[in-house]
Peer 1: 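What follows is a single structure, and I will ask about it in a moment.
Lettering of chains follows the sequences in order, A, B, ..., and the numbering in each one begins at 1. Note that the structure is predicted; figures quoted are calculated from it, not measured.
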Amino acid sequence: MSNLEPNEPHVGVYICHCGGNISDVIDVKRVATELGLHPNVVISREFPFMCSDAGQKLVIEDIRSGKINRVVIAACSPMLHELTFRKTLQRAALNPFLYEHVNIREQASWVHKGDHEGATQKAIRLARAGVEKILLQDELEEIQAKATKHVLVIGGGPAGLKAALNMAARNLRVTLVEKSSRLGGHLHELDTLYPSGESASALLAKLLAQVNESPLITVVVGTTVTAWDGFVGNFTATLSSGATVNAGAVIMATGYDHVIPAGGEYNYGGDPRVTTLPKLIEHLKTSAGKPLVWNGVPVKSVAFIHCVGSRQTEGVHAPQADGKVNDYCSRVCCTAALHSINVLKARQPDLDIYDLYRDIRTYGRGHEAIYEQASKNGVLFFRFTEDAQPEIREHTVVVKDILTWGEEVEIPADLVVLVTGIKQGAVGELIDMMKLPVSSDRFLQEAHPKLRPVEVANNGFFLAGNCQAPMDLVESSAAAGAAASKIAALLSKDYIPLDPYVARIDSEKCTGCEACIPECSYTGALFMNEGTKKAEVNAALCKGCGACVAVCAPRALDLAGWSIAQMEAMVDAMVTEVPA
Amino acid sequence: MSTVESPDTNAPKILIITTIASSYTGANTVGQARAQYAPNTYIMRVPDPVMFPEDFYLRCFEKGFSGIIIMSSGSDCPYEGAYGRLSARVGRVYLTMREKGIPTNRLKLTTVCTVCKHAFLKEIDDMQKVVREQAA
Amino acid sequence: MKYDTLVIGAGIAGLQAALDLAEQGRQVVLVEKNPSIGGRMISLSKVYPTLDCASCITTPRMASVAHHPNITTLTYTEVKQVIAQPDGTYHAHISKKPRFIEEDKCIGCKRCEEVCPVYIRDDFEHNLGAKKAISIPFTNAIPQFPVLTPDQCTWCGACANACPVDCIDYLQEPRDIFVEVGAVLVATGFELTPFNAKPQYGGGVLPNVITSLQGERLLAPHGPFGRVLRPSDGKVPDSIAFVQCAGSRDASLGVPYCSRVCCMYAIKQAMLLSGSLPTADITIYYMDIRAFGKGYEAFYQNAKAMGINFVKAKVGRIRAGEDGNVFLRIERQEESSQPEEMNHDLVILSLGMKPQWNPKTLAWDMETDLDGFVKSPDAPMDPATTTCAGVYACGTATGPKDIVDTIIEAGNAAMVVGNHLARGNA
């Protein structure tokens, strides 16, 4: 029948009518006939519905009969049925990647209704291009990376604890590394939690008990990570103790630091009446039920000033250590301040409380009720703008209140509480070591805020809690659970399946010019082999963008399944004339 | 089957390079909406056009494409740094085109999303005008 | 049929949770009452703070769900009953509404839609456009099956004659489906607070006062008009106002809580409007701007720098002006308190979120909180837990939240549901 050698590609081409959707515009018989003339095409058919069982059976029988070993189907969009037909090939025991799907419906018959001849010619050229592409296609195989079923969690605050517990619930071993001497993080500082009012200590005790009970969680306190190696599925962390941990994935749960008002801002550090919200909360925790006494002096009036260290503007606020201001909102401080205000008011109803804010951001579930309660409690609110900061005087605070049309108001204050924001913790060394991406606000950067909100672009790294952005306990817990969920999927099998569409290098052709190396955005994906002086690809880290391919002069690099030779062959087919 | 002979059958050809993430789906959206355009348009789908070396575009012109539209994912691009690299590369292709006397408006780098129906059609329209003018 | 988990609702929360569970090897049955998966998110224009195209982010998720071997998606179906079993599992009764087409035959070719002579209001476009009485719900709907609206169909038979696969079935009846599952995840989402909740705002009466979701459609690249114009006369608006907290933070409306997303979506819509109508004046009347998420404050500051007017004011009343214009009576809360009347071409009410679905309609003991959303008794540490063992909730079913927070909660819910299944409670 055909003059092809058995090991040569034998292509079967199938043109779908889509019940008239294609065949009413495109002359499918002519397309099939024309494609049948191609020297490598041994079968060329048209059929009413290729996606139907009958259509798929046709392909399976042709493969099983040994007549064809490559398949091209011209039909609807590959988004609909490419996977369907890959599975068809699998059922016929043919490598599923030896299949090319040609779109002649969404991108031909449906958009060229008034030009049957033009659409038919286009379909012939597109189908020919499909044949040319599949002739140069290799049998791709799914890449499999080793999956070490052990997770490293860095940071033992609530997010880290919650993440560890979640993973242990799935039989994954966890090593939890905490640099301070105890687990619990900032939860130790808190008194009662908003909006439920439950005790932070009780909650922490419960969490710690669960962690202690779990045989799968190894806790290492007073320890840091000092060296880092490997890639997704198989990382090696060296700890300050000298021990090493082999992990398939890592969760960053490194938390946050409080912003310390800079350079005498609001007389902080100079005036003993000026404190911060975390210090007030600490005081509330240790003085249960008692009226407020500060530095031995009973307090009659308190002024809270919001947005200290948050929502800063260049030129107005003193920069942070890295020379930049904190231009972000710290998210939790409004509600935290109002919650503390309500606690104070409950203890001491006659306490005068003044709240100086820019916007009250009680956004969360149950938060607005806390704001309302504060108003009901008789708290007086004043609103200032970023360019007119309140001023601390001897016994008063002066604020230009825009709620009273810019009037300057002098407020008596025995105590001034600066509602300080939160900032990225001291994780600079980890960021350098692990080459983690950082957002402009210095927090760790997720791969995509919506598509991959708890994953880092570097495969195998996940984010839980405040190391990513300010968030409250509910949100940290959710983030910890979401990160654990991704890891539970990643490490669910004995190997990690990776997309085969990655860069490949023909070391015979590689001249070692190194032009490709700076093109790669993914650390470790493309590198020079010191021994051979040739470029190498780590398929586990390559994302398959092809940026390196473009600059490879000797054409040693290619993207598997999308080689430049394939694309050029398609172009040639597209411009080849069709007999009328 | 009745066929309508079209004056466009031998029209100059336009290559449209689309991304799997965005513009290929955008082209499907145009089809789902049954918007119409001329069949001298050939859509190629790739992970990202950043893969193409500069000479790929020149070769396409040599082989017979009159116009090329690169419909990238722009800021929706899933690959880090790819859009910047792509636009720099296209910039260099323009230089070579100028040297070789190929009008640079025959190559267009643009961004088309999964539902950018109007943008898709407008880009094709614009390029049709360019290739017709030059064919004339 | 037995599955590990029943996920109720195929918006972004249900999609993400179903995918996460499926990736962990769990069998999921995903039930969606609408004819397409994708929820509210698929109808949005662009999303803050990155201004990514919403469809571009949602479509791949929808496709992954549709193709996943571990997920059975049932669209245009409703959960009628969920009954707890003594062994901790649940039996659910699901009802499939008739599309009046045979789904196993339909090829999504739209022939029926093309020949249908009856135009009806397009609910996907929030009534800003029209569609046929038999039509695919929207361009990138999944699945691509048309739905026949029986109330408005004239039964003329044109679609049945045109269908190339003979799949129109005018006699189709609802179909009962019974499933047995180890756990249930409620991801039923939100609906907007009522448009006419404040009659003094003219919602539903004044044609150029529109809802925020209508605003999304006006701005969507595949929206009803393909560009921004106002509904009454097709005029391109020169002056557009957003009224914040139009359905939230108001105890008199039964919505005392903050809906959390309205500040940011209004800022986003304002930015998109200013992009497509560079000469238009855009004003946002607000109480507090709550730009609390990652990158949100910078987004807000950008909007201010772009020239969008932020006016801290209470809007008392909205009435018809001349030539279709809209007058807003406002009381500023800064600078001066003199009531003023502002004239705008188009007004968008930033409506809030209320629960889409009341779980009490089912025979189970899942409680809702005072705000009407599903109660999370174990927040802060376990926000996905409900008052029902083996039943979990995520996304806007447990209170207003934005897409980022919803997707994170969905991931968490998948983890917690998986933990429940792994404990052998099911």
Side-chain angles (χ1 to χ4, degrees), chain A residues 18-21 49 51 79-80 83 158 162 166 169-171 193 196 203 207 311 327-329 331 359-369 372 383 402-403 405-406 439-441 443 449-451 453-454 468-470 472-475 477-486 488-489 492, chain C residues 20 23-25 47 49-50 52 57 60 63 67 107 109 111 144 164-165 249 256-258 260 288-298 301 312 333-337 371 373 376 379-384 398-400 403-405 407-416 418-419 422-423:
Chain A
C18 197
N21 269 287
F49 292 105
C51 61
M79 321 297 257
L80 287 170
L83 276 177
K162 196 69 205 165
N166 267 318
R170 298 297 178 83
N171 257 343
L193 301 171
S196 64
L203 190 99
L207 269 180
R311 300 183 67 190
D327 56 5
Y328 55 89
C329 165
R331 186 164 178 149
D359 291 282
I360 292 290
R361 293 183 167 173
T362 43
Y363 66 88
R365 196 174 190 189
H367 295 194
E368 188 73 10
E372 261 172 51
R383 185 165 189 253
I402 56 177
L403 296 178
W405 315 293
S439 323
S440 63
D441 55 16
F443 289 94
K450 292 175 188 69
L451 293 173
V454 293
Q468 182 183 8
D472 71 12
L473 208 47
V474 186
E475 292 153 352
S477 302
S485 180
K486 297 283 176 269
S492 63
Chain C
D20 272 18
E23 286 293 300
Q24 291 164 23
V47 286
T50 45
D52 288 320
I57 295 173
H67 290 302
I107 52 166
C109 72
R111 288 291 173 82
Q144 283 274 308
V165 291
R249 298 180 68 189
Y257 53 84
C258 163
R260 195 162 164 159
D288 295 282
I289 290 294
R290 295 189 164 168
F292 56 82
K294 184 166 184 165
Y296 294 4
E297 180 69 19
Q301 297 304 333
K312 188 169 166 80
Q333 292 194 293
E334 51 191 8
E335 290 156 20
S336 119
S337 70
D371 56 13
F373 292 94
S376 307
M381 294 317 286
D382 286 303
T398 58
I403 296 167
V404 176
D405 290 339
I407 291 175
I408 290 175
E409 273 202 0
N412 175 59
M415 191 67 199
V416 178
N419 290 350
R423 277 196 297 272

Peer 1: Identify which of C:Val404, C:Ile407, C:Ile289, C:Ile403 forms the greatest number of heavy-atom pairs closer than 4.5 Å to chain A.
Peer 2: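 Between C:Val404, C:Ile407, C:Ile289, C:Ile403, the count favours C:Ile289.
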Peer 1: What closest approach, in Å, do C:His67 and A:Leu80 show between heavy atoms, and which atom pair accounts for it?
Peer 2: CE1-O, 3.4 Å
Peer 1: Nearest 0.5 Å, please: how far is CE in A:Met79 from CD in C:Gln144?
Peer 2: 12.0 Å
Peer 1: With side chains defined as the heavy atoms from C-beta onward, is the minimum distance between A:Pro158 and C:Met381 less than 4.5 Å?
Peer 2: yes
Peer 1: Measuring from A:Glu475:CD to C:Glu409:CD, what's the distance to the nearest 0.5 Å?
Peer 2: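 CD of C:Glu409 is found 8.5 Å from CD of A:Glu475.
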Peer 1: Regarding C:Gln333 and A:Arg383, is there a side-chain donor-to-acceptor distance under 3.5 Å anywhere?
Peer 2: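 Side-chain D/A pair, C:Gln333 to A:Arg383: absent.
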Peer 1: I need the C:Arg290 CZ to A:Arg331 CZ distance, nearest 0.5 Å.
Peer 2: 13.0 Å
Peer 1: To check you understand the geometry: which heavy-atom pair defines the closest contact between A:Cys329 and C:Ala291, and what is its length?
Peer 2: CB-O, 3.5 Å
Peer 1: Given that the side chain runs from C-beta out, which part of A:Asn21 has a heavy atom under 4.5 Å from chain C: side chain, backbone, both or neither?
Peer 2: both
Peer 1: Sequence neighbours left out, what passes salt bridge (charged side-chain N to carboxylate O under 4.0 Å, His left out) with A:Lys486? Give chain and number order.
Peer 2: C:Asp20
Peer 1: Just verifying a value: how many Å separate C:Met415 CE and A:Asn166 CG, rounded to the nearest 0.5 Å?
Peer 2: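 The CE atom of C:Met415 sits 4.5 Å away from the CG atom of A:Asn166.
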Peer 1: Can any side-chain N or O of C:Asn412 pair as donor or acceptor with the backbone N or O of A:Ala479 at less than 3.5 Å?
Peer 2: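 Side chain of C:Asn412 to backbone of A:Ala479: no pair is present.
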Peer 1: Please state whether the side chain, the backbone, both or neither of A:Ala488 comes within less than 4.5 Å of a heavy atom of chain C.
Peer 2: both
Peer 1: What part of A:Thr362 lies closer than 4.5 angstrom to a heavy atom of chain C: side chain, backbone, both or neither?
Peer 2: both
Peer 1: Is C:Asp405 close to chain A through its backbone or its side chain, or both, or neither, when contacts mean heavy atoms under 4.5 Å?
Peer 2: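 Interface part for C:Asp405: side chain.
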Peer 1: If you take all heavy atoms of C:Ile408 and A:Ala482, which pair is closest and at what distance?
Peer 2: O-CB, 3.3 Å
Peer 1: In terms of heavy-atom proximity below 4.5 Å to chain A, should C:Ala63 be classed as side chain, backbone, both, or neither?
Peer 2: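 Neither part.
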Peer 1: Heavy-atom cut-off 4.5 Å, strictly under: side chain, backbone, both or neither for C:Pro400 against chain A?
Peer 2: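 Neither the backbone nor the side chain of C:Pro400 comes within 4.5 Å of chain A.
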Peer 1: Between A:Cys18 and C:Ile107, does a side-chain contact (heavy atoms from CB on, under 4.5 Å) hold up when you go through it step by step?
Peer 2: CA-CA 7 Å; A:Cys18 197; C:Ile107 52 166; 3.8 Å; yes
Peer 1: What residue, out of A:Ala483, A:Pro453, A:Ala480, has the most heavy-atom pairs lying under 4.5 Å from chain C?
Peer 2: A:Pro453
Peer 1: At their closest point, which heavy atom of A:Pro449 faces which heavy atom of C:Thr50, and how far apart are they?
Peer 2: CG-CG2, 3.7 Å
Peer 1: Need one label for C:Tyr296: side chain, backbone, both or neither, based on atoms under 4.5 Å from any heavy atom in chain A.
Peer 2: neither
Peer 1: Tell me which of these, A:Gly406, A:Ala484, A:Ala469, has more heavy-atom pairs under 4.5 Å with chain C than the rest.
Peer 2: A:Ala484
Peer 1: Of all residues at least two apart in sequence or in a different chain, which pass the salt bridge (charged side-chain N to carboxylate O under 4.0 Å, His left out) check with C:Arg249?
Peer 2: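 Result, salt bridge (charged side-chain N to carboxylate O under 4.0 Å, His left out) vs C:Arg249: A:Glu368, C:Asp288.
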Peer 1: Any heavy-atom pair between the side chains of A:Tyr328 and C:Lys294 that's under 4.5 Å?
Peer 2: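 Side chain of C:Lys294 against side chain of A:Tyr328, heavy atoms only: no contact under 4.5 Å found.
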Peer 1: What's the spacing between A:Lys450 NZ and C:Asp52 CG if we round to 0.5 Å?
Peer 2: 6.0 Å
Peer 1: For the OH atom of C:Tyr257 and the CZ atom of A:Arg365, what is their distance to the nearest 0.5 Å?
Peer 2: 9.5 Å
Peer 1: Which answer fits A:Leu83, side chain, backbone, both or neither, if we ask what part of it has an atom under 4.5 Å from a heavy atom of chain C?
Peer 2: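 Just the side chain, heavy atoms under 4.5 Å.
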Peer 1: Contact part of A:Glu372 toward chain C, heavy-atom cut-off under 4.5 Å: side chain, backbone, both or neither?
Peer 2: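 Only the side chain of A:Glu372 comes within 4.5 Å of chain C.
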Peer 1: Under 3.5 Å, is there a donor-acceptor pair between the side chain of A:Ser477 and the main chain of C:Pro380?
Peer 2: yes
Peer 1: Between chain C and each of A:Leu193, A:Asp327, A:Asp359, count heavy-atom pairs under 4.5 Å; write down the option with the most.
Peer 2: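 Of the candidates given, the most pairs with chain C belong to A:Asp359.
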Peer 1: Of all of C:Gly25, C:Pro49, C:Pro256, which one pairs up most often with chain A through heavy atoms under 4.5 Å apart?
Peer 2: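 Answer, by heavy-atom pair count under 4.5 Å with chain A: C:Pro256.
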Peer 1: Chain C heavy atoms under 4.5 Å from A:Pro470: which part of the residue, side chain, backbone, both or neither?
Peer 2: neither
Peer 1: If we count only N and O atoms by modelled type, under 3.5 Å, do the side chains of C:Glu23 and A:Ser492 hold a donor and an acceptor together?
Peer 2: no
Peer 1: Could you tell me which non-hydrogen atom of A:Leu403 sits nearest to which non-hydrogen atom of C:Lys312, and how far apart they are?
Peer 2: CD2-CE, 3.7 Å
